[in-house]
Number of protein chains: 2
Amino acid sequence: MATIRDVARAAGVSIATVSRVYNNQTLVNPQTAQHILKIAGDLDYVPNPAARSLTTRRTHTFGVLLPDLFGEFYSELIRGIDLIAHRNGFQILLSSFFRNSEDLVMTSKAMLGRIDGVIMMATDERSINTAAKVRKKVPVVLLNPCKMIEGCHAVAVDNVRGAKDAVSHLIGLGHRNIAMVAGPEENIDARDRLTGFRQGLTEAGLDPGAALVVPGDFRELAGYKAGATILRHKPRPTAVFAANDGMAIGLLASLREWGFGVPDDIAVVGFDDVALAGFMNPPLTTVHVDASGLGGHAVEMMLEVLAGGADSETRRIVLSPSLKIRQSCGTLDPAQLVRRPLMEPRPSNRDDATPRLQGEEEVQP
Amino acid sequence: MATIRDVARAAGVSIATVSRVYNNQTLVNPQTAQHILKIAGDLDYVPNPAARSLTTRRTHTFGVLLPDLFGEFYSELIRGIDLIAHRNGFQILLSSFFRNSEDLVMTSKAMLGRIDGVIMMATDERSINTAAKVRKKVPVVLLNPCKMIEGCHAVAVDNVRGAKDAVSHLIGLGHRNIAMVAGPEENIDARDRLTGFRQGLTEAGLDPGAALVVPGDFRELAGYKAGATILRHKPRPTAVFAANDGMAIGLLASLREWGFGVPDDIAVVGFDDVALAGFMNPPLTTVHVDASGLGGHAVEMMLEVLAGGADSETRRIVLSPSLKIRQSCGTLDPAQLVRRPLMEPRPSNRDDATPRLQGEEEVQP
DNA sequence: TGGATTTATGAAACCGTTTACAGGGAACAC
DNA sequence: GTGTTCCCTGTAAACGGTTTCATAAATCCA
């Protein structure tokens with residue numbers, strides 16, 4: 001590997017001049033610069049980033065810490081981050097901490113010194129604490145934080161609002177008995193969506209305490225399993241709000257197997273608007289979240305912080321999700337819904353199929 | 001930020017001793033080590049990675065270069081990489097080069113010096129050339145390379161085999177007129193799947209030249225649009241093989257809108273086996289690819305190379321995908337398929353709906 | 001008891017940059 | 001011709017570690 005010295009020697013100049021060519025073009029005679037660049041090209045010289053950041057204390061890299069990594073949502077998020085970051089000459093150091101808590105601390109420590117800042121999705125209490133620690137060393141931009149930290153900017157999706165909109169829409173269609181498939185309890189997105197769900201009910205004068213809430217974990221299978229629970233519940237809900245699209249899609253599959261039509265028998269609404277949502281059967285009504293924009297905004301904020309120093313006060317951008325009405329929520333008055341008996345599901349060769357309900361003849365609302 | 005000197009001073013030892021504590025515990029008296037670690041903890045000292053890698057020439061990081069970043073497949077891939085990397089104390093520097101070609105070169109240059117190696121998905125000619133250049137500087141492990149490069153290990157999915165299996169299965173069910181929705185031409189995965197498709201036909205004595213191949217780009221919408229083309233083709237295919245699940249799912253939606261039943265009117269098979277595949281209507285028969293394992297294997301290879309030096313010869317792991325038979329491929333003899341006329345699609349509020357076919361009365365095979 | 005060996009530590013060179021400071025020469029004003 | 005500027009370039013000191021080599025103290029063995 002050629003070093004700055006090799007280039008300097010070959011070009012017959014000092015290393016300082018070579019360095020200047022790469023940092024402050026204006027300070028060096030255009031002809032000399034040209035010459036040096038030529039030599040450097042021939043030698044395949046690339047300034048050593050480690051040496052560089054040792055003196056400048058800048059790495060042109062930031063860390064991205066995600067609680068998990070699956071499904072379309074995270075692809076999109078990372079895509080948005082990557083796009084804006086590279087457009088500005090930054091690299092991203094990625095890590096997801098789907099392991100234990102010390103792991104997260106370890107990882108963030110390992111990142112320190114390699115990065116100029118951290119973009120972190122801190123959706124639970126533990127990770128917020130870690131974020132606060134990290135903040136002492138480098139700038140931090142939070143994604144959907146479960147609470148704000150002094151000196152951290154944040155960009156968040158208004159989950160409460162999104163969920164409320166979804167529920168309100170269902171109520172507007174005439175639904176009074178709406179169930180929810182919730183996400184992981186410790187996850188703030190999940191909690192906020194549940195809150196929004198309840199607020200929506202309350203605002204319409206319905207009792208949120210009476211509504212069925214089935215726990216879930218954001219995976220398709222959880223939604224699939226929730227189907228049976230929901231259908232057995234009495235009175236049977238006429239609509240279901242799932243905390244994300246994955247679970248909504250799992251739910252759709254389950255309802256279908258039980259012989260229930262969506263939206264004719266039961267309306268379903270999801271959250272996220274993954275690319276596949278519009279291609280479901282029926283096309284899934286869902287709350288559109290601009291995942292890529294979420295990441296992009298975070299990067300822009302980080303760049304601002306890095307450029308402007310610490311003078312700007314803590315800022316928070318809230319992205320408003322928008323309800324994307326497709327067909328799974330229906331347009332019918334649920335009073336007209338066909339009341340059909342609960343039948344055995346059609347046979348399925350789904351590998352991870354849940355145990356079937358046994359000896360259940362008929363379930364009527 | 002505390003430096004090694006601060007720790008040394010506070011502990012009353014030389015910096016060499018402190019350094020040794022972090023690198024070669026055995027070389028230093030246990031008591032002294034204990035003491036130093038304590039002081040270091042109090043001072044919140046973390047060795048500066050830049051300085052460290054300046055002398056050691058190791059970064060404990062590797063670059064991951066992906067051609068694109070969307071959908072479940074890439075999430076899973078990155079997840080696999082991340083998991084194994086962190087388990088071995090490595091960080092990952094991520095970049096996708098969905099932009100132009102120089103961009104890729106620039107990015108890989110920017111990575112040089114920050115990484116010990118590169119894991120790169122080089123699915124087209126251009127990126128292979130870049131990979132070859134990168135190889136001159138650091139070890140490279142290729143993911144699904146369109147061709148091998150001297151001195152690069154690789155881990156690949158046997159796309160040809162997977163596609164052939166899918167087609168053979170369809171043929172085994174009695175299908176003789178099978179169409180394909182292909183992926184991007186320059187993409188090797190897409191090309192191999194097409195090759196496998198043709199091989200499967202050839203082996204069964206069918207003419208691959210006669211088969212309808214609709215171009216696509218791996219996105220859902222491409223599959224959706226392909227639906228109309230396929231239905232209009234005469235004789236109308238009784239089965240379709242899509243080069244990935246996204247397109248298969250788009251196709252499913254399109255067929256449904258045109259009033260065609262899957263698998264009763266047309267059988268559909270996808271590729272990838274994304275988490276959602278099993279929850280489609282009907283559950284999607286697809287070729288299962290272990291995306292996370294693909295990434296994990298690549299990391300393990302990289303670690304081996306990094307540990308063992310360049311002594312080991314070029315090695316290539318080929319992962320065999322397996323056909324996951326669900327319901328979209330059906331089990332019927334297609335001779336029994338109902339021949340129904342092509343109707344106007346049901347109204348859809350899909351935002352990005354393609355223009356409808358005009359003035360077409362009926363399409364019979 | 002003394003030389004050989006082992007163990008624990010320190011001194012200093014080095015990794016490849018950036019940058020403050022200094023200096024040389026040309027252009028300009030007087 | 002001298003003093004100022006301005007422009008360009010070089011010298012050398014950081015930056016924060018690792019590692020070779022040297023050395024002092026402790027242990028071993030005869």
Side-chain angles (χ1 to χ4, degrees), chain A residues 1-37 39-40 43-61 89 91 109-116 137-138, chain B residues 1-37 39-40 43-61 89 91 109-116 137-138:
Chain A
M1 285 274 217
T3 74
I4 197 171
R5 258 167 267 273
D6 300 327
V7 177
R9 197 176 316 119
V13 296
S14 76
I15 58 167
T17 304
V18 178
S19 173
R20 276 190 278 259
V21 171
Y22 285 87
N23 299 299
N24 227 336
Q25 280 275 13
T26 60
L27 257 47
V28 39
N29 181 312
Q31 288 198 15
T32 318
Q34 197 67 24
H35 179 224
I36 291 175
L37 245 19
I39 303 272
L43 261 51
D44 227 8
Y45 167 73
V46 179
N48 180 319
R52 206 168 209 179
S53 63
L54 184 56
T55 54
T56 60
R57 281 140 199 306
R58 308 208 75 214
T59 60
H60 271 246
T61 302
Q91 308 263 349
K109 262 199 180 152
M111 276 190 172
L112 250 37
R114 299 174 195 269
I115 49 166
D116 295 340
K137 310 271 191 172
V138 293
Chain B
M1 284 275 216
T3 75
I4 196 172
R5 262 165 262 275
D6 300 328
V7 177
R9 196 176 318 121
V13 296
S14 75
I15 59 167
T17 305
V18 178
S19 174
R20 275 189 279 258
V21 171
Y22 285 87
N23 299 299
N24 227 334
Q25 280 274 11
T26 59
L27 256 48
V28 36
N29 181 311
Q31 288 197 13
T32 318
Q34 196 67 24
H35 179 222
I36 291 176
L37 245 19
I39 302 273
L43 261 51
D44 226 8
Y45 167 73
V46 179
N48 181 319
R52 205 169 211 179
S53 64
L54 184 56
T55 53
T56 59
R57 279 139 200 308
R58 307 206 78 214
T59 60
H60 271 247
T61 301
Q91 307 264 349
K109 263 199 180 149
M111 275 189 172
L112 249 38
R114 299 173 196 270
I115 48 164
D116 295 339
K137 310 271 192 171
V138 293

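Computed from a prediction, not measured in an experiment: that's the story for all the values here. A note on names: the letters A, B, ... follow the listed sequences, proteins ahead of strands, and every chain is numbered from 1.
A straight line from OH of Tyr22(B) to C1' of dT19(D) spans 18 Å, rounded to a whole angstrom. In this structure, CG of Leu54(B) is placed 12 Å from P of dT19(D), rounded to the nearest angstrom. In this structure, NE2 of His35(B) is placed 15 Å from C1' of dT9(C), rounded to the nearest angstrom. For the pair Ile36(B) CD1 and dT9(C) P, the computed distance is 7 Å after rounding to whole Å. Between the CD1 atom of Ile15(A) and the P atom of dA14(D) there is a distance of 15 Å, given to the nearest Å. To the nearest angstrom, C1' of dG16(D) lies 15 Å from CG of Leu112(A). The distance from atom OH of Tyr45(B) to atom C1' of dG16(D) is 7 Å, rounded to the nearest whole Å. Protein atom CG of Asn48(A) is 10 Å distant from nucleotide atom P of dT18(C), rounded to whole Å.
Within the nucleic acid shown, Ser53(A) has no heavy atom closer than 4.0 Å to any nucleic acid atom. Looking at heavy-atom distances under 4.0 Å, Val18(A) makes no contact with the nucleic acid at all. Residue contacts shown for Val13(A) are limited to sugar-phosphate atoms, with no base heavy atom under 4.0 Å away.
Here Ser14(B) reaches the OP1 or OP2 of dG10(C): one of its side-chain N or O atoms lies under 4.0 Å away. In terms of phosphate contacts, Thr32(B) brings a side-chain nitrogen or oxygen within less than 4.0 Å of OP1 or OP2 of dT9(C). When the side-chain nitrogen and oxygen atoms of Thr17(B) are compared with OP1 and OP2 of dG10(C), one or more of them lie within a distance under 4.0 Å. Listed pair Ser19(B) / dT18(D) meets the phosphate criterion, a side-chain N or O lying under 4.0 Å from OP1 or OP2.
The two atoms that bring Ala10(B) and Ile39(B) nearest to each other are CB-CG2, 3.6 Å, heavy atoms only.
Residue whose closest nucleotide on DNA chain C sits further toward the 5' end, between Ala51(B) and Asn29(B): Asn29(B).
Donor-acceptor pairing under 3.5 Å is lacking for the side chains of Arg114(B) and Thr61(B).
Taking the side chain as every heavy atom from C-beta outward, Asp44(A) and Lys137(B) approach each other to under 4.5 Å. The shortest distance between side-chain heavy atoms of Met1(A) and Tyr45(A) does not fall below 4.5 Å. The shortest side-chain heavy-atom distance between Gln91(B) and Met111(A) falls under the 4.5 Å cut-off.
Closest to the side chain of Thr3(A), from the set dG16(C), dT19(C), dC8(D), is dG16(C). Of the candidates dC15(C), dA12(C), dT18(C), the closest approach to any side-chain atom of Ala16(B) belongs to dA12(C). Of the candidate nucleotides dT18(C), dC8(D), dT18(D), dT18(D) has the atom lying nearest to any side-chain atom of Thr55(B). In the set dG16(C), dT18(D), dT19(C), dT19(C) carries the atom at the smallest distance from any side-chain atom of Arg20(A).
A donor-acceptor contact under 3.5 Å is not formed by the side chain of Arg57(A) with the base of dG16(D). Between the side chain of Arg5(B) and the base of dG16(D), a donor-acceptor pair under 3.5 Å is found.
At distances below 3.5 Å, not a single donor-acceptor pair connects side-chain atoms of Asn24(B) with backbone N or O atoms of Leu27(B).
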